[in-house]
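What follows is one structure encoded as structure tokens, with my remarks underneath.
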Amino acid sequence: MELAPALLGLRLMRESAEGRSGGLIVETEAYGGPEDRASHARAGHTRRTAPMFGPPGHAYVYLIYGLHSCLNVVAEAEGVAGAVLIRALRPVLGLEMIRARRGRPRDADSVLAAGPARVCQALAVDRSLDGHDLTRGEALWIEEPGGDGPERLLTSGVLSGRIIAGPRIGVAYAGEGWAERRWRFGVAGDPSLSRPFPPLSRPSPSSSRPDGR
DNA sequence: CATAGGATTTGCT
DNA sequence: GCAAATCCTATGC
């Protein structure tokens, strides 16, 4: 859980035959172990979820709806299930490449990786990278954003106080309070968020319907 | 062994 | 706003 907000502002990098591309992590979601009814690990240690129980800092990449890949960073010590879904990036490197992979020439740069499956398509991440070590700086890795440019605006100092939390997306089925937990984190106001965060509201019976979808 | 459904995106109504 | 696309895991008989 602590890892999810900590990843905000870091750079996710990809090196492939086409060259290097990457972006700043601006939205994440935390998933727990078997006790978390919204987590893939709810079914325990299976072939598919094995990376979630593996060493931290490795990737857990799965296929959803038969066509989209999603990337997680394994979060807990080996043997303990937990992972952080990368829900959105702000693209900063290899824009041409990213645009070509996405195949949507008319989209604004900011939305090219605004969504967990878009992140994977933008950086050409698929299940061949399932279990990949993200700490070694090869093929796919996470690093501190150095240098200058717009990235500096997202480094930790400025970032603190700009992190917002909300309920996780698409887990209404979980019930028992797991669906309501605010384990989705994002950089407030960032143009690359996958969708808005619901306003933090006092229960006002008649007026609103804080949906989340 | 059969089947239901999903941590999503897109395009059309 | 709604449904399709499409694979594979998990679950139940």
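All values derive from a computational prediction rather than experimental measurement. So that the names make sense, note that chain A is the first sequence line, chain B the second, and so on, each numbered from 1.
- The same atom, P, is picked in C:dT6 and in B:dA2; the two are 23 Å apart, to the nearest Å.
- Neither OP1 nor OP2 of B:dT9 sits under 4.0 Å from any side-chain N or O of A:H68.
- When the P atom is compared between B:dA7 and C:dG1, the two are found 22 Å apart, to the nearest whole Å.
- In this entry the distance linking NE2 of A:H45 with C1' of C:dA10 reads 16 Å, nearest Å.
- As the counterpart of B:dC12, C:dG1 is assigned, both hydrogen-bonding distances of the Watson-Crick or G-U wobble pattern falling under 3.5 Å.
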With side chain to side chain contact (heavy atoms under 4.5 Å, CB included) as the test, would you mind laying out the steps for A:R101 and A:S21 before giving the verdict? CA-CA 11 Å; A:R101 288 175 183 143; A:S21 53; 3.0 Å; yes
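- For the OP1/OP2 pair of C:dA10 and a distance below 4.0 Å, the side-chain nitrogens and oxygens of A:T46 include at least one atom meeting the criterion.
- Between A:Y31 and A:V171, some side-chain heavy-atom pair lies under the 4.5 Å cut-off.
- Taking the six-membered ring for Trp and thresholds of 30 and 60 degrees, A:F53 and A:H45 have ring planes inclined between 30 and 60 degrees apart.
- Looking at A:R127 and A:R48, their side chains never come closer than 4.5 Å, going by heavy atoms from C-beta outward.
- Residue A:Y173 is classed as a sugar-phosphate contact, given heavy-atom separations below 4.0 Å to backbone atoms only.
- Protein atom CG of A:N72 is 8 Å distant from nucleotide atom C1' of B:dA7, rounded to whole Å.
- Separating the CZ atom of A:R127 from the P atom of C:dC7 is a distance of 10 Å, rounded to the nearest angstrom.
- Proximity note for A:A43 (side chain, C-beta onward) versus C:dA10, B:dA7, C:dC7: the nearest is C:dA10.
- Atoms CD1 (A:I64) and C1' (B:dT9) sit 10 Å apart, rounded to a whole Å.
- With a cut-off of 3.5 Å on both Watson-Crick or G-U wobble distances, the partner of C:dT6 is given as none.
- A:Y60 has no side-chain polar atom (N or O) that falls below the 4.0 Å cut-off from OP1 or OP2 of B:dA7.
- Between A:A83 and A:D107, the residue anchored nearer the 5' end of DNA chain B, judged by the nucleotide with its closest heavy atom, is A:A83.
- A:Y31 qualifies as a stacking partner of the B:dA7 base, centre to centre under 5.5 Å and near-parallel within 30°.
- For A:R118 and B:dA7, the CZ to P distance is 18 Å, given to the nearest whole Å.
- Residue A:R104 has no polar side-chain atom (N or O) positioned under 4.0 Å from OP1 or OP2 of B:dT9.
- Under the 3.5 Å distance criterion, the side-chain polar atoms of A:R14 are matched with a main-chain donor or acceptor of A:A139.
- Summarising the geometry, the separation between CG on A:L67 and P on B:dG11 is reported as 12 Å, rounded to the nearest angstrom.
- Remark: P of B:dG6 and CZ of A:R37 are 14 Å apart, rounded to the nearest angstrom.
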Verdict with reasoning, A:V73 to A:L85, per side chain to side chain contact (heavy atoms under 4.5 Å, CB included): CA-CA 7 Å; A:V73 181; A:L85 174 68; over 6 Å; no
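- Applying the 4.0 Å criterion to OP1 and OP2 of C:dA10, one finds that A:R47 has every side-chain N and O outside that range.
- Atom CG of A:L63 is separated from atom P of B:dT8 by 13 Å (rounded to the nearest Å).
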